[in-house]
Amino acid sequence: MFRGHRVIGVACVLALAACAPAGTASRPGPEAPATTAKAPDRTPVPSGPPGVKPRKGEVRPIPRTGDLPPVISSIPTERKVVFLTIDDGWEQDPGFVQQVRDQRVPITAFAMRDAVEAKGTPDESGGPARFVGAGKWGYFRQLRDAGVPVENHTLTHPNLRLLGYPAQRREICAAAKLIGKEIGTRPTLFRPPFGNYNTDTLRAAKSCGVSAVLLWTATVQPGGKIAYQVPDKKLRPGDILLLHFRPNLARDFRILVNKIKRRGYELGDLQAYLAAARPR
């Protein structure tokens with residue numbers, strides 16, 4: 001008896017629900033407050049190589065050196081602009097890549113095979129090494145993707161003045177081929193180890209596709225200290241600064257960039273300035 005009444009009750013409930021007038025079965029709840037769509041961020045995303053570009057007529061031509069690549073220590077400009085270059089490749093600090101990428105700091109890297117591949121003794125003049133060969137060529141591909149040109153600094157970092165032409169050519173051409181394979185673009189700039197070169201160096205560099213040999217006017221020491229090669233110990237327009245992939249690079253680089261900007265200098269796109277300085 002009880003079981004039958006339960007079945008009849010359920011049936012009555014279902015019947016009443018089916019017969020309920022339209023609009024009475026459920027009542028809509030209060031309307032959700034309208035939301036305002038956020039406007040898309042239309043801030044232009046910077047593209048292309050970072051660094052200031054030369055103004056029309058700003059850069060004086062670099063004198064020709066016959067048919068050999070010119071040797072360049074500074075860019076002939078009166079504008080307060082300097083250029084950052086960094087050698088070797090021992091200490092591959094990921095924080096440095098992040099700085100360069102996020103702040104769009106213009107640098108040019110001169111890679112040396114043995115340092116990049118961690119063959120030999122690392123440069124620990126900046127402190128104990130932590131990231132020696134951490135990413136190898138993958139690290140330099142990250143730099144490339146951040147807008148950094150990767151140029152040539154030989155295979156093994158020899159004193160080229162002590163080598164004959166064939167050995168110099170092997171050091172430069174084999175490094176150019178390797179960089180082309182690993183980075184995707186063959187280098188067109190060359191920095192001789194220790195700044196040592198002779199006529200054979202220039203001949204070998206030309207045969208390897210080098211358009212200019214880059215030296216420097218000041219070096220950057222651990223702690224971001226600038227060691228000048230001029231008597232007044234000051235930055236000058238067009239200076240090329242030399243750094244190395246050393247321990248504590250991210251910290252030292254931050255100090256250096258802030259120091260340069262406090263002195264009223266801009267950081268330049270080296271490749272754009274070299275193109276402007278080539279004799280027509």
Side-chain angles (χ1 to χ4, degrees), residues 49 51-79 81-88 106-112 148-180 185-219 227-231 235-243 268-280:
V52 298
K53 309 297 187 285
R55 304 182 182 108
K56 185 176 181 181
E58 174 195 335
V59 186
R60 299 186 302 277
I62 293 172
R64 295 183 183 275
T65 52
D67 63 346
L68 295 177
V71 179
I72 301 168
S73 298
S74 63
I75 301 297
T77 178
E78 298 302 320
R79 184 177 180 180
V81 58
V82 297
F83 306 90
L84 303 182
T85 64
I86 181 164
D87 283 9
D88 297 339
I107 64 170
T108 299
F110 289 85
M112 189 263 287
V148 177
V150 179
E151 305 291 353
N152 191 337
H153 196 42
T154 72
L155 293 174
T156 67
H157 209 273
N159 182 346
L160 294 174
R161 286 181 185 167
L162 303 180
L163 302 181
Y165 175 80
Q168 291 200 43
R169 191 173 185 279
R170 280 195 299 273
E171 282 282 342
I172 301 169
C173 287
K177 183 178 180 181
L178 178 62
I179 292 169
T185 305
R186 282 180 69 97
T188 59
L189 302 179
F190 173 65
R191 171 162 284 160
F194 315 107
N196 291 342
Y197 69 94
N198 55 24
T199 303
D200 280 346
T201 311
L202 302 183
R203 289 175 52 227
K206 180 184 177 182
S207 75
C208 301
V210 169
S211 62
V213 173
L214 261 289
L215 301 182
W216 57 89
T217 48
T219 60
Y228 301 95
Q229 297 179 351
V230 290
L235 285 177
R236 297 182 179 186
D239 274 353
I240 297 173
L241 276 61
L242 166 63
L243 300 89
D269 178 342
L270 178 59
Q271 279 65 22
Y273 269 81
L274 287 172
R278 287 197 182 102
R280 301 295 187 263

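Once rounded to the nearest 0.5 Å, the distance linking OG1 of T108 with CZ of F83 reads 9.5 Å. Atom CG of D200 sits about 10.0 Å away from atom CG of L163, to the nearest 0.5 Å. Separation of atoms CG (N198) and CG (L162) is listed at 9.5 Å; rounding is to 0.5 Å. Atom CD1 in I72 sits 3.5 Å away from atom CD1 in I62 (nearest 0.5 Å). In this structure, OG1 in T217 is found 9.5 Å from CD1 in I75, a value given to the nearest 0.5 Å. Note that CG of L243 is 6.5 Å distant from CG of L84, once rounded to the nearest 0.5 Å.
Of the possible polar contacts, none joining the E171 side chain to the T154 backbone as a donor-acceptor pair under 3.5 Å is found. Formation of a donor-acceptor pair under 3.5 Å by the D87 side chain with backbone atoms of L242 is not found in this model. With hydrogens and angles ignored, the 3.5 Å screen pairs a side-chain donor or acceptor of K206 with a backbone N or O of D67.
When side chains are defined from C-beta on, L160 counts as touching P193, because their heavy atoms get closer than 4.5 Å. Side-chain contact check for T199 versus L68: some heavy-atom pair is nearer than 4.5 Å. In this structure the side chain of S73 never reaches within 4.5 angstrom of the side chain of I240, judged on heavy atoms. Within the 4.5 Å cutoff, side-chain heavy atoms of L235 are placed close to those of L241. A heavy-atom distance below 4.5 Å is not found between the side chains of V230 and D239.
The two residues C208 and R169 have their closest heavy-atom pair at SG-O, 3.9 Å. For the residue pair M112 and H153, the shortest heavy atom distance occurs at CG-O, 3.5 Å. The two residues T188 and E151 make their nearest non-hydrogen contact at N-OE1, 3.0 Å. Minimum interatomic distance between L214 and P192 (heavy atoms only, all atoms of both residues): O-CD, 4.0 Å. The heavy-atom pair separating P70 from P63 by the smallest distance is CB-O, 4.4 Å. Across all their heavy atoms, W216 and T219 have their closest contact at NE1-CG2, 3.5 Å.
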Side chain to side chain contact (heavy atoms under 4.5 Å, CB included) between S211 and R278, intermediate numbers included: CA-CA 10 Å; S211 62; R278 287 197 182 102; 3.3 Å; yes
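In this model, a donor atom of one side chain and an acceptor atom of the other lie less than 3.5 Å apart for R191 and T85.
For D269, there are no side chain to side chain donor-acceptor pair (under 3.5 Å) partners, not counting sequence neighbours.
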